[in-house]
Amino acid sequence: MTVHMDIAHQEDGEMLKIKVSDTGIGVSKEGIDNILSGNKTSTNGTGGEQGYGFGLALVKHLVGSLKGTMSITSEEGKGSVFHLSIPVDN
């Protein structure tokens, strides 16, 4: 897993940009849609562990409560990239 964080200077203020990428099992288009709509259910992890299905939904909720955004790109069998963008109050 790789995490990259940066502050982007934009016309309407500064944004905290976070990019998290992994080389896990990936997520289907339907799975991404379910995560972003809050309907994702539990799946097995890369080590066969069983998740509870609320981790990414919680992250999305927290980012939204900070007036930020979250997007996901993924290729099944090759991993996922999660982009978070959160406004920074001056």
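Just so it is clear, the structure is predicted and the values come from calculations on it, not from any experiment.
- To the nearest 0.5 Å, atoms NZ (Lys78) and OG (Ser21) are separated by 14.5 Å.
- The NZ atom of Lys19 sits 11.5 Å away from atom CG of Asp6, with the distance rounded to the nearest 0.5 Å.
- Residue Asp22 holds its CG atom at 7.5 Å from OG of Ser74, rounded to the nearest 0.5 Å.
- Other residues, nucleotides and ligands contribute more than 12 heavy atoms inside 6.0 Å of the CD atom of Gln10.
- Under the 4.5 Å side-chain heavy-atom criterion for ILVMFWY residues, no single connected hydrophobic cluster contains both Leu58 and Met1.
- Here CD1 of Ile7 is found 10.0 Å from CE of Met15. Values are rounded to the nearest 0.5 Å.
- A pairwise comparison of heavy atoms in Ile32 and Val27 identifies N-CG1, 3.5 Å as the closest pair.
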Practice task
Applying side-chain contact (heavy atoms from CB on, under 4.5 Å), run through Phe82 and Val59 and close with a yes or a no.
Solution key: CA-CA 11 Å; Phe82 302 84; Val59 170; over 6 Å; no
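- Linking Ile, Leu, Val, Met, Phe, Trp and Tyr whenever their side-chain heavy atoms come within less than 4.5 Å leaves Leu62 and Val3 in two separate clusters.
- Interatomic distance, OG of Ser65 versus NZ of Lys60, reported as 10.5 Å (0.5 Å rounding).
- How far NZ of Lys67 is from CD1 of Ile86: 12.5 Å, rounded to the nearest 0.5 Å.
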